[in-house]
Amino acid sequence: MISEYLTEKEHPAGPLQRLDPRAKIIGLISFTVVVVSTPARAIWVFAVYAAVVTFLIGLSRLRVGYVLRRALVVVPFVIVVAIFLPFFGRSGSGGYSLGISHMSAGGLLVLWNVGAKAILGVLSMILLASTTPFPDMLAGFRRLRVPQVFVLVVSFMYRYSFVFAEELRRMQRAVAARNFRGRWLWNVPILGRVLGSLFLRSYSRGERIYVAMISRGYEGTIGLSSPAVFGWSEALFLGLLIAVAVAVRVVASV
Amino acid sequence: MALQGLSFSIQRGESVAIIGPNGAGKSTLLLHLNGILRGEGPIRIFGLPLEERTLREIRRKVGVVFQDPDDQLFLTSVAQDVAFGPSNMGLSKPEIEERVREALAAVGMSGFQDRSTHLLSFGEKKRVATATVLAMWPDILVLDEPTSNLDPKARRQLINILANLPVTKIIVTHDLPVAYEMCNRAIILSKGRIAADGPIEEVLTDQDLLEANDLELPYGFAIPPAGIPGWSGTSRTRSLSRDAEDELTEHVAGLNHLVGDPRL
Ligand SMILES: Nc1ncnc2c1ncn2[C@@H]1O[C@H](COP(=O)(O)OP(=O)(O)OP(=O)(O)O)[C@@H](O)[C@H]1O
Ligand SMILES: [Mg+2]
């Protein structure tokens with residue numbers, strides 16, 4: 001799962017891929033915000049949103065299977081909501097309660113609300129992530145004045161989650177190679193020690209990285225450069241996307 | 001205290017190998033060279049005393065390539081990482097780009113600019129790590145085990161690149177043939193002390209000295225006696241095959257710009 005996010009996705013060429021990351025970040029995040037703020041009952045509005053996302057996915061030539069596979073992350077989330085729905089529905093002020101029926105219409109509306117918005121939000125983020133190489137995205141956030149600390153934390157997480165996953169895998173193998181099977185309760189302390197040792201390794205890794213950074217003259221700031229420019233196509237993309245979303249959203253609420 | 005009573009001085013343009021068994025304190029010594037660690041005695045780099053005031057200048061002049069490239073390459077793309085040092089030096093954007101291009105060409109990694117660092121192979125990481133320091137045009141290049149885990153071709157390439165860099169070099173290595181090829185002086189470090197310091201031919205041919213310090217030349221490797229034609233003492237890149245030599249000149253061409261200081 002993790003490694004899927006960490007491998008170099010082939011980025012099929014397309015108009016979205018060429019856009020400045022800033023335009024995609026602002027556009028798709030605003031789009032998601034508009035979607036989330038739409039009243040759940042305006043079902044046709046969601047159809048329009050879905051059409052917009054589908055159009056953009058088609059435009060950037062992403063493979064359908066790939067997008068769907070990554071969209072599966074919403075499933076557990078929606079299931080949790082579905083399990084707790086009976087409790088929501090009954091006490092909620094929805095007013096559509098059918099009395100004896102276990103699942104009220106209000107509850108169903110909640111489920112639709114959560115499900116539709118989650119899937120649209122996730123699809124927008126998949127669109128963003130699959131058309132923007134990670135370093136470019138970070139540079140985009142940096143140019144949008146997101147504080148450097150946040151960008152760096154995310155950057156380090158991305159860069160080193162792979163190293164740590166590999167380190168953990170090596171330790172697991174080392175433990176298994178010496179015939180350890182973590183099957184019994186009294187094996188738990190050993191697993192705890194493996195995790196403890198992973199923590200210590202990560203800690204000294206952090207120290208070594210810092211030493212290597214100051215050796216190259218690090219004094220608290222890092223310039224992440226990317227050659228992108230905000231031009232006409234960016235303005236067009238951003239303008240159209242937000243205009244369509246807001247227009248539909250406004251019509252829905254009158 | 002891992003190091004005790006170390007004292008040595010290195011001339012400009014010298015190439016010094018620091019050799020010694022595991023845990024001898026070699027990596028620790030390197031951390032003193034650019035003031036990450038401070039011992040008790042004074043350290044002078046190019047006549048500058050190593051202290052808070054001079055740290056910035058010294059870290060620009062002393063480029064350290066660490067043992068584990070995963071420590072060195074911390075940014076997400078190759079180009080960003082190589083640009084990190086130059087941008088800390090306050091260079092302009094075009095200058096930075098130029099240096100990134102040159103440094104990557106110097107280690108034979110042109111075209112890897114936009115690759116993700118975490119997906120490179122170990123040897124590729126090692127070369128990019130070297131490039132991150134070359135891009136800063138250091139006056140002293142300090143390398144901790146530059147050839148460990150490299151395949152023979154990558155090892156050969158890196159040796160050729162390094163041997164032809166006209167800067168002062170300090171190389172920590174267990175790879176004695178590499179030390180012999182790239183350096184003209186060797187310091188043996190053992191249990192935090194200097195056990196020997198002298199011309200590399202002398203140190204590496206002293207069987208008793210090597211044995212006393214848990215070192216050993218690889219089987220079949222012999223140091224040729226001086227004075228054989230074709231084995232000139234000044235150029236140490238002797239046994240190159242034809243195409244290796246081509247590669248060499250290509251790298252040297254790429255490196256002419258890297259010679260920041262004509263004095264060296
Ligand atoms: N942070 C630390 N705290 C305490 N001891 C340390 C620390 N780092 C290293 N040492 C110890 O200092 C000694 C010298 O370590 P150093 O890493 O310099 O060895 P080395 O000569 O580079 O060995 P190798 O050839 O294995 O890389 C070792 O005994 C090591 O255990
Ligand atoms: Mg070491």
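Order of the sequence lines fixes the chain letters, A, B, ..., with proteins taken first and strands second; residue numbering starts at 1 for each chain. Owing to the predicted nature of the structure, the values given are computational and were not obtained by experimental measurement.
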Open item on the list: For B:Leu75, is there any backbone N or O sitting under 3.5 Å from a side-chain donor or acceptor partner on A:Tyr158?
Closed with: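 Here the side-chain-to-backbone pair does not exist.
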
Task: Set of residues satisfying side-chain contact (heavy atoms from CB on, under 4.5 Å) with respect to A:Ser124, sequence neighbours excluded - done: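 Expected list: A:Leu28, A:Phe31, A:Thr32, A:Val53.
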
- [ ] Go through B:Asp68, B:Val64, B:Leu55 and name the one with the most non-hydrogen pairs under 4.5 angstrom from chain A.
- [x]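 Heavy-atom pair counts peak at B:Asp68.
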
Task: Contact winner vs chain A - B:Leu73, B:Val62, B:Val133, heavy-atom pairs under 4.5 Å - done: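 Highest number of heavy-atom pairs under 4.5 Å: B:Leu73.
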
Considering only heavy atoms, which portion of [X] lies under 4.5 Å from any heavy atom of chain B: side chain, backbone, both, or neither?
{"X": "A:Val163", "value": "side chain"}
{"X": "A:Phe156", "value": "side chain"}
{"X": "A:Tyr160", "value": "side chain"}

Value rounded to 0.5 Å, distance of [atom1] in [X] from [atom2] in [Y]:
{"X": "A:Met137", "Y": "B:Thr76", "atom1": "CE", "atom2": "OG1", "answer": "10.5 Å"}
{"X": "A:Asp136", "Y": "B:Asp114", "atom1": "CG", "atom2": "CG", "answer": "7.5 Å"}
{"X": "B:Ser116", "Y": "A:Phe162", "atom1": "OG", "atom2": "CZ", "answer": "10.0 Å"}

Side chain / backbone / both / neither for [X] at chain A, heavy atoms under 4.5 Å:
{"X": "B:Phe74", "answer": "both"}
{"X": "B:Asp81", "answer": "both"}
{"X": "B:Arg56", "answer": "side chain"}
{"X": "B:Leu31", "answer": "side chain"}

Task: Residues, nucleotides or ligands: over 12 heavy atoms within 6.0 Å of A:Arg145 CZ - done: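 Open: at most 12 neighbouring heavy atoms sit under 6.0 Å from CZ of A:Arg145.
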
TODO: Could you check if a side-chain atom of A:Leu138 sits within less than 4.5 angstrom of a side-chain atom of B:Gln80, using non-hydrogen atoms only?
DONE: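 No, too far: nothing below the 4.5 Å cut-off.
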
Open item on the list: Under the rule for ring-ring contact (aromatic ring centres under 6.0 Å, His included), what residues qualify as partners of A:Phe164, not counting sequence neighbours?
Closed with: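 In terms of ring-ring contact (aromatic ring centres under 6.0 Å, His included), with neighbours along the sequence ignored, A:Phe164 is linked to no residue.
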
Open item on the list: Check this for me: does any side-chain nitrogen of one of A:Arg208 and B:Asp70 sit under 4.0 Å from a carboxylate oxygen of the other?
Closed with: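 Salt bridge flag = no for B:Asp70 with A:Arg208.
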
- [ ] List the steps, then state whether side-chain contact (heavy atoms from CB on, under 4.5 Å) holds for B:Asn34 with A:Arg216.
- [x] CA-CA 10 Å; B:Asn34 66 353; A:Arg216 286 197 276 155; over 6 Å; no

Which atom pair, heavy atoms only, marks the closest approach of [X] to [Y]?
{"X": "B:Phe66", "Y": "A:Ser215", "answer": "CZ-OG, 3.4 Å"}
{"X": "A:Ile214", "Y": "B:Arg59", "answer": "O-CD, 3.2 Å"}
{"X": "A:Ala212", "Y": "B:Gln72", "answer": "CB-CA, 4.1 Å"}

